[in-house]
Each structure stands twice: as structure tokens, then as C-alpha cells.
Amino acid sequence: MKIDDLVIFVEVAKAPSLRSAACKLNVQPGTLSKTIKRVESYYQQELFSRSSSHWKLTSAGETLFQRAIELIAINDKIERELGKPRRPHLRICGSETLLSYFVPQLVQRMVDKELNATLETKTAQDLEALRKHDADLALVARLNEQTPVERQIAAQPIKHVNFVTVANSHHPLAQLCEEPINIKDVLKYPFIVPSSPIYGSMDAHRSLDGWHDEHFSRLITARVDTASMLIAMIKSKPLLAYLPDYMAKEHKLHIIDIVGCPYTCKQTIWLCRHKQIHHHWIHIFD
């Protein structure tokens with residue numbers, strides 16, 4: 001029997017209702033119900049008499065409640081004495097760009113929910129690390145609103161992204177008036193592009209940054225493999241780049257308003273996890 005399941009059983013037993021316990025633990029009532037059924041199956045005993053509005057401990061439930069409290073206290077004492085308190089360990093995977101820009105938001109959720117956890121990030125494309133259980137959460141980007149569809153994976157959208165053409169404030173195009181600039185004039189200037197899919201996967205007919213070079217060929221003078229290097233080059237050189245709007249906003253880059261190009265690139269950033277939960281605290285990210 002997992003100690004985490006007993007902790008949940010005790011919280012449900014102490015709460016006036018299942019919904020109240022779910023609110024305290026920041027999980028769905030259905031998740032708590034499944035945990036209780038798992039504990040009942042393990043001990044081959046009915047632990048609660050259930051009604052629509054109230055759960056009441058049975059005689060067996062009262063016995064387990066007392067013993068579970070003792071066991072949890074002993075476990076906590078052992079961990080204190082060994083100097084290794086049990087802390088949640090959160091593993092998040094994604095591309096370098098997605099990790100850089102969205103992990104701080106996830107950490108803030110942990111702070112808001114008072115989750116004292118250690119954090120580990122892993123650079124990975126798509127869902128491979130999540131499939132192998134090498135990560136608890138995965139940040140993935142999909143064009144438009146395409147959902148990462150896999151039977152065992154739950155996904156929720158956390159950001160809708162538009163790609164924009166940017167430059168530093170000293171670029172000749174940034175010095176022009178606020179009127180939109182024709183795509184033919186934009187293509188006269190050099191671009192910097194990624195040499196790997198740092199923004200996430202793209203369709204086969206797009207370049208790695210989402211641009212349609214087969215229709216609007218650019219003068220590419222630099223290729224880099226990290227977002228940090230790309231940003232540094234834009235800020236220091238008269239280069240244009242096509243990148244997600246959240247990066248432009250974060251780094252206060254000048255956005256070039258373009259006309260004459262029918263193409264756009266839109267992404268949705270998804271936060272993915274396994275549907276089968278092994279840690280109840282993972283629900284704070286739902």
C-alpha cells in the first residue's frame with residue numbers, strides 16, 4: 001500500500017465531504033474516489049458508507065483511519081531523522097524555447113499552491129520523454145489548434161501563439177513610419193533563422209521557423225541552434241527574424257507589420273501529462 005494513498009484516505013475521512021477533500025488537495029473528486037476504491041480493494045474492506053452528500057467511515061474504516069494516522073506519523077518521523085524529507089520531484093520536458101518561456105509559469109503555480117517540490121527539466125521534442133515515463137509533464141507546440149492525440153495522454157492548451165517578423169529598434173525597417181511594409185521590401189533585408197526546430201515541429205512545407213520560403217524566399221545570412229543566440233544576434237545586428245509573439249514581447253523587439261503575404265503561422269502550446277496519475281499533486285497543473 002502506497003503511503004500517498006493512505007494520506008489521501010485520511011484527508012477524505014477528516015473532510016465533511018468528498019468535494020471538500022478534493023478542494024483541499026487540489027484534485028478532482030473522481031480521482032479521490034478512485035484512490036479510495038484502490039485502498040478498499042487492497043484491504044478487501046468497505047471503508048466508507050456512501051450517500052450523495054456525505055461519506056461516513058465504516059467500522060473497518062475507523063480502524064484503518066487510526067492506524068493510517070500512526071503509520072503516516074512514523075513515516076514522517078523516519079524521514080525527519082534520516083534528513084531526507086519526502087518532496088515531490090517534478091520533471092518537465094520540452095524544447096529549449098518552450099522550457100525557457102513556460103516553465104516559470106508552471107513554477108508559479110507550484111508557489112501559489114504551496115507545493116514544495118524539486119524541479120528537473122529535460123530538453124526533448126514532442127512527447128517521447130513522456131511516453132517513456134522520463135517526464136511528468138511535457139510542453140509541446142502544434143500548428144493552429146491541432147491537439148496532441150494519444151490514448152494515454154491528457155493535453156490542455158496554455159497559450160495561443162502568432163508568429164511575427166521582428167528586428168531591433170535600430171533596424172532600417174523599424175525606423176520607418178507605423179504604416180505596414182510590403183513583403184517585397186521586407187525580403188530585401190537579411191534574416192536569421194534557427195537550424196533546429198526550437199519552436200516545435202512544423203509542417204513539411206514550412207521552414208523550421210514556420211516561414212513559407214518556397215513562396216517568399218528570404219536572404220538568410222545566419223543560422224543558430226538556440227533561442228538565446230538568435231535573440232542576441234537580433235539585438236546586436238541588423239537582422240530580421242520570424243518568431244513567436246511571446247518571444248518578441250519578452251525581449252521588447254520591434255514587430256514589423258507586413259502586407260502582401262497571405263501566409264501566417266499560428267501555434268498552440270499544450271501542457272501534456274499521462275492520464276494515469278501516479279502523484280496526486282500533479283493535478284495542480286490541470
Side-chain angles (χ1 to χ4, degrees), residues 1-93 103 106-122 129-138 152-154 271-286:
M1 172 54 54
K2 294 181 178 179
I3 195 72
D4 284 345
D5 284 355
L6 289 179
V7 170
I8 289 175
F9 164 74
V10 168
E11 291 299 331
V12 172
K14 293 192 296 185
S17 67
L18 186 67
R19 187 171 297 277
S20 175
C23 183
K24 180 178 179 180
L25 293 170
N26 296 306
V27 298
Q28 296 296 319
T31 301
L32 294 190
S33 181
K34 290 179 182 178
T35 301
I36 297 302
K37 289 179 180 178
R38 186 162 60 241
V39 176
E40 289 181 324
S41 175
Y42 181 86
Y43 289 111
Q44 297 291 298
Q45 297 280 349
E46 186 177 25
L47 303 174
F48 291 91
S49 57
R50 298 161 170 85
S51 68
S52 58
S53 59
H54 185 67
W55 283 30
K56 183 179 180 181
L57 285 170
T58 62
S59 177
E62 290 282 4
T63 299
L64 180 60
F65 179 68
Q66 296 300 326
R67 297 294 178 261
I69 290 177
E70 294 170 2
L71 181 58
I72 293 168
I74 291 171
N75 184 68
D76 289 343
K77 183 178 181 181
I78 292 171
E79 290 178 341
R80 286 196 304 271
E81 291 175 347
L82 292 178
K84 296 181 179 179
R86 225 167 19 95
R87 298 175 64 190
H89 181 63
L90 177 63
R91 303 167 299 166
I92 307 175
C93 69
V103 165
L106 301 179
V107 170
Q108 187 58 50
R109 288 199 206 181
M110 294 163 59
V111 173
D112 293 342
K113 296 296 184 179
E114 299 181 349
L115 176 64
N116 182 22
T118 56
L119 175 68
E120 178 184 359
T121 60
K122 300 172 180 285
L130 195 63
R131 293 190 197 101
K132 294 180 178 179
H133 297 273
D134 290 333
D136 304 301
L137 298 174
Q152 298 299 326
I153 302 297
L271 182 63
C272 305
R273 63 166 176 79
H274 283 284
K275 290 181 179 178
Q276 184 66 38
I277 297 298
H278 299 289
H279 310 293
H280 68 83
W281 47 265
I282 207 76
H283 280 290
I284 71 170
F285 299 105
D286 290 346

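Just so it is clear, the model here is predicted, and its values are computed rather than measured.
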Quiz prompt | Within-4.5 Å side-chain heavy-atom neighbours: Leu64 and Val39 | solution = yes
Exercise. With sequence neighbours excluded, tell me which residues meet side chain to side chain contact (heavy atoms under 4.5 Å, CB included) with Lys24.
Key: Glu11
Self-check item: Over all atoms of both residues, closest heavy-atom pair of Glu46 and Ala60
Solution: O-CB, 4.1 Å
Quiz item: Given side chains that start at C-beta, do those of Leu119 and Val103 come closer than 4.5 Å, heavy atoms only?
Solution: yes
Exercise. Could you walk me through whether Thr35 and Val27 pass the side chain to side chain contact (heavy atoms under 4.5 Å, CB included) test, one step at a time?
Key: CA-CA 11 Å; Thr35 301; Val27 298; over 6 Å; no
Quiz prompt | Residues in side chain to side chain contact (heavy atoms under 4.5 Å, CB included) contact with Asp286, at least two apart in sequence or another chain | solution = Gln156, Arg273, His283
Practice problem: Could I get the full list of salt bridge (charged side-chain N to carboxylate O under 4.0 Å, His left out) partners for Lys77, not counting sequence neighbours? | Solution: none
Quiz prompt | Qualifying residues under side chain to side chain donor-acceptor pair (under 3.5 Å), relative to Lys122, sequence neighbours excluded | solution = Glu120
Practice problem: Would you list the pairs meeting ring pair (Phe, Tyr, Trp, His ring centres under 6.0 Å) in which at least one residue belongs to residues 23-45, sequence neighbours left out? | Solution: none
Self-check item: Closest non-hydrogen atom pair, Pro29 against Leu18
Solution: O-CD2, 3.7 Å
Quiz item: Looking at residues at least two apart in the chain, or sitting in another chain, which of them share a ring pair (Phe, Tyr, Trp, His ring centres under 6.0 Å) with Phe48?
Solution: Phe9, Trp55
Quiz item: Does a sphere of radius 6.0 Å around CD in Glu40 hold more than 12 heavy atoms from other residues, nucleotides or ligands, not counting ones at 6.0 Å or beyond?
Solution: yes
Quiz item: Which value, rounded to the nearest 0.5 Å, describes the distance between Lys56 atom NZ and Arg50 atom CZ?
Solution: 14.5 Å
Exercise. Can you see which heavy atom on Ala117 is nearest to which on Met110, and at what distance?
Key: CB-CE, 3.5 Å
Quiz item: Should we count CZ of Arg19 as having more than 12 external heavy atoms under 6.0 Å?
Solution: no
Quiz item: Excluding sequence neighbours, so at least two apart, what forms side chain to side chain donor-acceptor pair (under 3.5 Å) with Glu114?
Solution: none
Quiz item: Looking only at atom types and distance, does a side-chain atom of Arg91 sit under 3.5 Å from a main-chain N or O of His133, one as donor and one as acceptor?
Solution: yes
Exercise. Output, in order, the C-alpha distance, side-chain angles, deciding distance and verdict of side chain to side chain contact (heavy atoms under 4.5 Å, CB included) for Phe285 and Leu90.
Key: CA-CA 11 Å; Phe285 299 105; Leu90 177 63; 3.5 Å; yes
Quiz item: When rounded to the nearest 0.5 angstrom, what is the spacing between CZ in Arg131 and SG in Cys272?
Solution: 10.0 Å
Practice problem: Quick one: pull up CG in Leu137 and CG in Leu106 and give me the separation to the nearest 0.5 Å. | Solution: 6.5 Å
Exercise. If a pair satisfies side-chain hydrogen bond (donor to acceptor under 3.5 Å, both in side chains) and one of its residues is in residues 58-68, list it, with sequence neighbours excluded.
Key: Arg67-Glu70
Exercise. Please list, chain by chain and in numerical order, all residues satisfying side chain to side chain contact (heavy atoms under 4.5 Å, CB included) with Ala129, sequence neighbours excluded.
Key: Cys93, Ala124, Asp134, Ala135
Practice problem: Starting at CD1 of Ile3, measure out to CG of Leu71 and round the result to the nearest 0.5 Å. | Solution: 4.0 Å
Quiz item: So how far is it from Ile72 CD1 to Asp4 CG, rounded to the nearest 0.5 Å?
Solution: 9.5 Å
Self-check item: Set of residues satisfying side chain to side chain contact (heavy atoms under 4.5 Å, CB included) with respect to Lys34, sequence neighbours excluded
Solution: none
Quiz item: Can you name the side chain to side chain donor-acceptor pair (under 3.5 Å) partners of Gln44, sequence neighbours left out?
Solution: none
Self-check item: Worked check of side chain to side chain contact (heavy atoms under 4.5 Å, CB included) between Leu6 and Val10
Solution: CA-CA 6 Å; Leu6 289 179; Val10 168; 5.5 Å; no
Quiz item: Rounded to the nearest 0.5 Å, how far apart are CG of Leu32 and CG of Asp5?
Solution: 10.5 Å
Quiz item: How would you list, by chain and number, every residue that makes a side chain to side chain donor-acceptor pair (under 3.5 Å) with Thr118, sequence neighbours excluded?
Solution: His89
